[in-house]
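Shown next, in structure tokens, is the structure this report addresses.
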Number of protein chains: 2
Amino acid sequence: MTPGTHPSIPKPTFEGDFQLDEVVSLESGEVLCRPTQHYAMYGQLNEARDNAVLVCHALSGSALVAEWWPQLFAPGGLLDLKRDCVIGINIFGSCYGSTGPGSIDPQTGNKYGPTFPLINVRDIVRAQAKLIDSLGIRKLKLAIGASIGGMQVLEWAILFPECVARAISIGVAPLGAMGLGLNHLQRQAIQLDPKWKGGHYAPEDAPRGGLALARALGVISYKSVELFEQRFNRKPNRNGENPWISTAAGQNGRFDVAGFLDYQGEKFNARFDPNSYISITRTMDIFDPVRAHTSPYAAYERIQAHLTLVGISTDWLFPPEDIRSLAAIIGAAGVRCDYREMASLHGHDAFLAEPEQLVRLLTPVFE
Amino acid sequence: MTPGTHPSIPKPTFEGDFQLDEVVSLESGEVLCRPTQHYAMYGQLNEARDNAVLVCHALSGSALVAEWWPQLFAPGGLLDLKRDCVIGINIFGSCYGSTGPGSIDPQTGNKYGPTFPLINVRDIVRAQAKLIDSLGIRKLKLAIGASIGGMQVLEWAILFPECVARAISIGVAPLGAMGLGLNHLQRQAIQLDPKWKGGHYAPEDAPRGGLALARALGVISYKSVELFEQRFNRKPNRNGENPWISTAAGQNGRFDVAGFLDYQGEKFNARFDPNSYISITRTMDIFDPVRAHTSPYAAYERIQAHLTLVGISTDWLFPPEDIRSLAAIIGAAGVRCDYREMASLHGHDAFLAEPEQLVRLLTPVFE
């Protein structure tokens with residue numbers, strides 16, 4: 001690529017840990033003992049500390065926002081590091097630096113593994129608010145995120161209404177039955193692997209077959225029938241395998257889509273932990289911003305931020321009509337809430353697959 | 001149920017095996033040595049032997065048509081045993097009586113297991129034609145089937161054009177990329193199970209966890225987002241489990257949809273063989289009635305039957321628009337081919353879940 005045609009990915013101005021020096025009570029009734037949040041900052045906080053943008057990551061993301069969403073930093077993009085200070089915080093349960101199943105439980109001295117407590121999006125957001133507060137930030141200029149990142153944005157706007165000026169939540173509503181079912185089967189795939197061992201596997205001998213299958217199933221739910229049809233159709237695998245003949249021991253040739261799914265599973269395996277996958281999909285399952293409020297109205301009327309919800313036309317994990325309805329319900333509670341829709345074949349994944357379109361869609365909203 | 005309000009399920013007038021006394025060459029280049037077809041007949045062949053209706057079964061079906069499609073035999077239904085002789089033939093690869101992975105390979109004296117050859121729908125139909133011929137039937141009054149049963153119907157109409165008067169193929173076109181991907185992941189689930197053992201498992205120690213997961217994933221693909229939403233929504237599992245709290249060793253409570261999927265997997269396990277599941281999903285994958293013909297036109301112009309294709313409005317495994325297009329392509333080859341659509345929330349499964357609607361849709365066509 002010619003230098004200059006592609007914006008270089010910005011480096012964080014800070015990357016480090018924020019440790020909560022306390023026992024954190026969780027929504028599930030359990031506790032996290034002195035948990036750590038790994039976070040990164042890009043650009044500088046201004047003197048008034050009113051230029052902070054919180055970017056909340058999705059299942060497989062991390063605090064290093066610019067590594068997975070670089071297009072938002074491109075010239076003419078949503079974020080401008082001359083103006084904004086962008087903050088990314090790794091969520092509890094993840095394997096990218098914050099406390100998760102791979103961490104040591106200070107109460108026992110042992111790794112949490114499968115005993116890592118159930119984390120609610122609300123738990124994540126409360127801990128993030130402490131971190132943000134410790135930086136002297138009273139109000140976020142913007143909180144933005146997609147998928148489980150968008151869940152965090154909604155909880156921020158409800159739990160800390162005075163602390164969020166603008167909020168953009170992409171591709172998210174409480175998960176419907178189909179999504180709950182798919183997440184359940186993904187966890188079962190991991191637990192079916194002979195290396196699962198009840199979750200007490202060694203990192204170098206993890207249930208990688210199960211995680212690969214879970215991820216492949218995830219990829220199916222993140223993409224659309226239309227995209228798969230356009231991209232793969234009934235083509236045989238590009239490496240020359242032939243699905244129409246038998247080979248030894250039932251290893252028949254694959255179609256191209258199968259080769260793609262296997263590849264996605266393998267690629268993910270190199271960078272993710274099975275217990276974290278289980279933990280975060282559970283967090284996604286139980287997200288419900290209305291729960292524990294007396295009514296949807298009571299939850300949503302708290303919001304002071306100008307909120308934008310974005311649906312994706314071919315998303316069947318979080319159908320756009322669910323997000324449109326959610327925007328209407330929130331609007332009916334007196335909140336300034338608008339709905340925008342990405343027209344994309346990429347399904348749920350569009351926020352990562354077509355970020356330029358997302359930027360075009362959001363820039364006028366943001367300005 | 002009050003006697004009289006529900007039609008009793010008819011019993012077959014004949015159930016037995018038809019053995020091909022020869023080595024059968026398969027489309028894959030392999031052979032099946034003296035394979036058996038298990039079949040059932042309901043009602044009687046008339047003297048002219050022109051009242052035969054072939055009902056082709058789907059993945060988990062059997063020759064015993066009335067057990068899985070009883071509504072077709074109900075008064076006012078499609079089939080009338082006073083008039084028709086209904087024939088069901090178990091397909092190769094199945095575990096319900098015909099030669100499949102659980103059979104002994106006469107060439108080796110050992111069970112086929114995972115070495116069972118790849119079966120093409122065309123192989124199945126050629127063998128069925130020999131059985132039908134042996135009964136002295138020159139022309140089927142009707143061939144009808146759904147899913148892989150509908151694939152058989154289409155191949156019948158193309159391969160043996162003079163032998164089929166009426167053909168009804170339901171919920172089927174060549175599988176698209178999403179369906180191919182889902183079938184692939186289902187096979188991987190079985191093969192991930194520690195009891196898989198390369199397919200050489202003992203029947204009493206089969207990879208049941210893998211088959212249950214495969215079936216649950218299948219069920220997801222057979223049903224629709226809308227149905228799941230209506231039926232399960234975000235309800236917790238009906239047995240009282242609580243998804244919002246942690247329990248020991250990561251065994252969190254399930255949502256209702258997860259309980260349903262697990263139950264479907266277990267129920268299927270009691271009656272199906274993992275190697276058969278792998279074999280039949282492969283057969284489904286490679287179905288392509290045009291392949292090995294010089295063009296789609298050349299394949300379809302062979303058809304002499306009056307053909308009806310049925311799509312299901314919410315089927316995302318075999319989208320109705322694919323089936324509608326197929327009907328148009330076949331029609332353009334000069335075939336009398338009409339398209340009808342079931343309006344159902346049940347997705348692909350509608351042919352089993354709402355058979356009464358199917359009967360209403362088809363009765364005028366048939367008469």
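The model shown is predicted, which means the values in this text are computed figures rather than measured ones. Residue numbers start from 1 in every chain, and the chains themselves are labelled A, B, ... in the order their sequence lines are given, proteins ahead of strands.
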Next on the checklist: Using side-chain heavy atoms (C-beta onward) and a distance below 4.5 Å, is B:Leu118 in contact with A:Ile245?
Outcome noted: no
Checklist entry - Among A:Val225, A:Leu192, A:Leu261, which has the most heavy-atom pairs under 4.5 Å with chain B? => result A:Leu192
Distance from [X] atom [atom1] to [Y] atom [atom2], nearest 0.5 Å?
X	Y	atom1	atom2	value
A:Asp193	B:Asp193	CG	CG	10.0 Å
B:Trp244	A:Ile286	CH2	CD1	8.5 Å
A:Leu213	B:Arg187	CG	CZ	12.5 Å

Heavy-atom cut-off 4.5 Å, strictly under: side chain, backbone, both or neither for [X] against chain A?
X	result
B:Asp285	both
B:Leu26	neither
B:Pro207	neither
B:Leu227	neither

Item to check | Non-hydrogen atoms of B:Leu217 and A:Leu217 that approach each other most closely | outcome: CD1-CD1, 3.5 Å
Checklist outcome for this item: Tightest non-hydrogen contact, residues B:Ser224 and A:Met178, listed as C-CE, 3.9 Å
Next on the checklist: Sub-4.5 Å heavy-atom contacts with chain B: which residues of residues 231-241 of chain A show up?
Outcome noted: A:Phe232, A:Asn233, A:Arg234
Checklist entry - What residue, out of B:Glu229, B:Arg291, B:Lys223, has the most heavy-atom pairs lying under 4.5 Å from chain A? => result B:Arg291
Next on the checklist: Which residues pass the salt bridge (Lys or Arg N to Asp or Glu O under 4.0 Å) test with B:Asp262, not counting sequence neighbours?
Outcome noted: B:Arg254
Checklist entry - According to the salt bridge (Lys or Arg N to Asp or Glu O under 4.0 Å) rule, which pairs have a member within residues 205-217 of chain A, sequence neighbours left out? => result A:Lys195-A:Asp205, A:Lys197-A:Asp205
Checklist entry - Residues two or more places apart in sequence or in another chain: which of them pass ring pair (Phe, Tyr, Trp, His ring centres under 6.0 Å) with B:Phe287? => result none
Item to check | Interface moiety of A:Pro174 toward chain B, non-hydrogen atoms closer than 4.5 Å | outcome: both
